[in-house]
Amino acid sequence: MKILVGIKRVVDYNVRVRVLNDGSGVDTDGVKMSVNPFDEIALEEALRIKEAGNAEEVIVVSAGGDECQQQLRTGLAMGADRAIQIQTSESLQPLSVARALLKIIEREQPGLVILGKQAIDGDNSQTGQMLAALWDRPQATFASKMVLNGDTATITREVDAGLETIEVDLPAVVTVDLRMNEPRFVKLPDIMKAKRKPLDVISLGDLGVSVDGNLKIHHFAPPPQRQKGIMVEDTAQLVQELKNRGLI
Amino acid sequence: MTEREIMEYDVIIVGAGPAGLSCAIRLKQKKPDLTVAVIEKSSEIGAHILSGAVIEPQPLDELLPGWRDNPPPICIPVERDEIWLLSQQGRRRLPTPPQQKNHGNFIVSLGAMCAWMANQAEALEVDIFPGYAASEIRFKDDGSVGGVIIGDMGVGRDGQPKDTFMQGIEIHAPITILSEGVRGHLSKQLIKKYELDRDSDPQTYGIGMKELWRVPPGKSIPGLVQHTTGWPLDSRTYGGSFIYHLDKDRIAIGFVCGLDYQDPEFMPFEAFQQMKNHPMVRDMLEGGEIVSSGARAITEGGYQSLPKTEMPGALIIGDSAGTLNVPKIKGTHQAMRCGILAADHIAETSAAAGFDRKLRDSEVVRELYKVRNIRPAFYKGFWRGFLRAAIETVTAGKLPTTLSVHADDTALKKLDGYTPPDRKWVSRDLPPRDRLASVYFAATEHDEDQPIHLQILEPDICSTRCVEEYNNPCTRFCPAQVYEMIDVNGGKELQINAANCVHCKTCDIKDPYQIINWVTPEGGSGPNYQNM
């Protein structure tokens, strides 16, 4: 079985995101970029499945400019066998990404597709669901545990009420949550090995996928700054101050 | 524990700063067949680099001719120099000393420049590994240096391996280059082991703190280089500020003070914030926002403190050795020259031996010699230092005397009988409010579940002698509030917030008992500076 894992290049989770002055986006100048943490968990799970002897090949795929090759190389260094870059200079929305991934699925015929439950930049949480619908295969989202049993997989999902365990037929799309696993550190010699692993580049146009603009981003704005507080002497003053502001 | 995996290189370079990267680039230019690796503890190249920075371009011209057609991402020609002597509210313009004339120099982000240099090095097939910390030296059986050992990852706070445990590998190389920057923790060990500082004065340091601001339109005048001295420091404390005006409404502002300060109650971070509150500075920043902030120690000992820079199998270059030119307030050109010189030496001789002589005969040390007396002249206070500095400058360092350099850790006065100067510091409201708010902009990250990388060799001293003698100065000199004294059972106990650490090394230097030992945390930890 082949496993396909989606990887997105995002602003690193440690970075304090700053909105550009004109509200057209966030500042990425000199900012550290990383693999979306949920995608890293997805890849870790795929690698564990392969190491347990339940898959033969793990393929990482990313859509974006050539800079996303850096994240694909990270995936290869972690242990993926090969990488595919869907090349585009456009900023893609989830539906376009799902359509592009479907084209890759048609070429590669994976038995399992594992994605992060969402990317930490847009927080959309749509690509996996859309992909399953387009592919007309089962989906198991927000997975925190996965057990493969031949043609099916038993998946534990994190839902509002607690944990839900479902069984899906394979092939399926699984999107993973934080508690699925803790990704491994990359071994230094594996970075060298990753440089020699295959990384195919396919343009979005060659896949026959057009960039659609179903969603239009109006503007970005930072959350309002917290106003300076005042110190009150006692509860009476506190009540008075709250009243003055019309809060009680 | 299993045997460590081994990788072999001809040259292993520790630290991807200007010295290490210059060395790597030059090595591959001269000897393309050599295998060269650079390891770097920060998660990305440049993420632990913090500097002003105004740089002299000559070493870049030498190393990468044509760089002006493909300059680093932030690179603004200096248009004008200003030096101001501040009082609490007022200011007076001082003449610009010749060392500080910056015509022909460039304002850069050294972090961005290092990332840019790393790309050039990779194009020459240098292997660069960010996110991996050299935690130990690998010694060969004959006692010589034979490479480094990469720190283990996935070790819990208790020292036990976690599920994610990954053993660090050994990198073997006939030649190891230490370019760790100021107070490198491996360089420190090697200087001690081989007594490399036997014939030199102790090293002395400063602490530099910096913030990158985005300011309201019109406040930044690209190419303007301003320095201030005077307030908020007392005349016994050496230091001042830099204000470098970048493009795109950005200003890099920073403050440096000598770590030989005497007042145990002094807090360098607060001095920086006070300076920002001066009317001249405040006017530039008000209404703006901080993009990134951080701190890093600086070597100030210069000529007198330069240790021997070679030992069997290894060289120490750049700020790890201490080649910064204090009166120029510049170290990058010196560090790059060291790197180039080391590469030329290795390409020629394939050995470490003989490098120290070459360094001392080079422009690097000649430049340090000329200005050797300027920094120590300020030990006697600002005005006497100012006068001596003028004389030394006019005579170009040709006077026959050489002033000696003193250590920082012995400079603090004990509280008993000491009256701190009246600093007349004011209440202030520009961000950051305090050190924790500042650390937020350093985007520093350490997995909390790892051994504390700030080792206290004799913890008893903290809650006994140090409380009485100095009132725990670590709680003030650390710019990231790593050290806190908390009340426990009627006494005081040290709490180390290691996750806040920005790797500036001030604690390792300034602690009066020399019981704080900074060791490298898990690779990839530490600040994530943005264009610093």
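Only heavy atoms go into these numbers, but all of them, side chains included; no hydrogens, no water, no symmetry mates. To find a chain, count down the sequence lines: A is the first, B the second, and so on, and within it residues start at 1.
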Can you tell me if CG on B:D163 sees more than 12 non-hydrogen neighbours from other groups inside 6.0 Å?
no
Are any side-chain N or O atoms of B:Q530 and backbone N or O atoms of A:K32, one a donor and one an acceptor, separated by less than 3.5 Å?
no
Restricting to non-hydrogen atoms, name the atom on A:V15 and the atom on B:A443 that form the minimum distance, rounded to 0.1 Å.
CA-CB, 4.4 Å
Under 4.5 Å, counting heavy-atom pairs only, tell me which of A:E182, A:R184, A:R18 racks up the most with chain B.
A:R18
Is it the backbone or the side chain of A:L188 that comes under 4.5 Å from a heavy atom of chain B, or both, or neither?
both
Evaluate the criterion side chain to side chain contact (heavy atoms under 4.5 Å, CB included) for residue pair B:K248 and A:N21; output intermediate values, then yes/no.
CA-CA 11 Å; B:K248 299 180 188 162; A:N21 287 355; over 6 Å; no
Would you indicate whether A:E51, at its atom CD, is surrounded by more than 12 heavy atoms from other residues, nucleotides or ligands within a distance under 6.0 Å?
yes
In terms of heavy-atom proximity below 4.5 Å to chain A, should B:I74 be classed as side chain, backbone, both, or neither?
neither
Less than 4.5 Å to any heavy atom of chain A: does that hold for the side chain of B:I6, its backbone, both, or neither?
neither
Okay, A:N181 and chain B: the region with an atom under 4.5 Å from a heavy atom over there is neither
Hey, what do you get for CZ (A:R16) to CZ (B:F441), rounding to the nearest 0.5 Å?
4.0 Å
Which portion of B:R214 sits near chain A, non-hydrogen atoms under 4.5 angstrom:
side chain
CZ (B:R433) with more than 12 external heavy atoms under 6.0 Å
no
Turns out that what part of A:E44 lies under 4.5 Å from chain B's heavy atoms comes down to neither
Picking from A:D12, A:N14, A:D27, which has the most non-hydrogen pairs under 4.5 angstrom with chain B?
A:N14
With a sphere of 6.0 Å drawn around NZ of A:K145, does it hold more than 12 non-hydrogen atoms of other residues, nucleotides or ligands?
no
Reported CG-to-CD1 distance for the pair B:D127 and A:I191, which is rounded to 0.5 angstrom:
9.5 Å
Give the table of side-chain donor-acceptor pairs shorter than 3.5 Å for residues 112-122 of chain B, with sequence neighbours excluded, one pair per line with atom names and distance.
{"unit_1": "B:W116", "atom_1": "NE1", "unit_2": "B:N70", "atom_2": "O", "d": "3.1"}
{"unit_1": "B:W116", "atom_1": "NE1", "unit_2": "B:P71", "atom_2": "O", "d": "3.4"}

Heavy-atom distance under 4.5 Å to chain A: side chain of B:N528, backbone, both or neither?
side chain
For B:M7, is it the side chain, the backbone, both or neither that has a heavy atom under 4.5 Å from a heavy atom of chain A?
side chain
Less than 4.5 Å apart, side chain to side chain, heavy atoms only: is that true for B:F129 and A:M192?
yes
So which of B:A442, B:G111, B:G523, B:S43 has the largest heavy-atom pair count under 4.5 angstrom toward chain A?
B:S43
Any chance you could measure B:K162, atom NZ, to A:F185, atom CZ, to the nearest 0.5 Å?
6.5 Å
For the atom pair CD (A:Q225) and CD (B:E289), what is the distance rounded to the nearest 0.5 Å?
8.0 Å
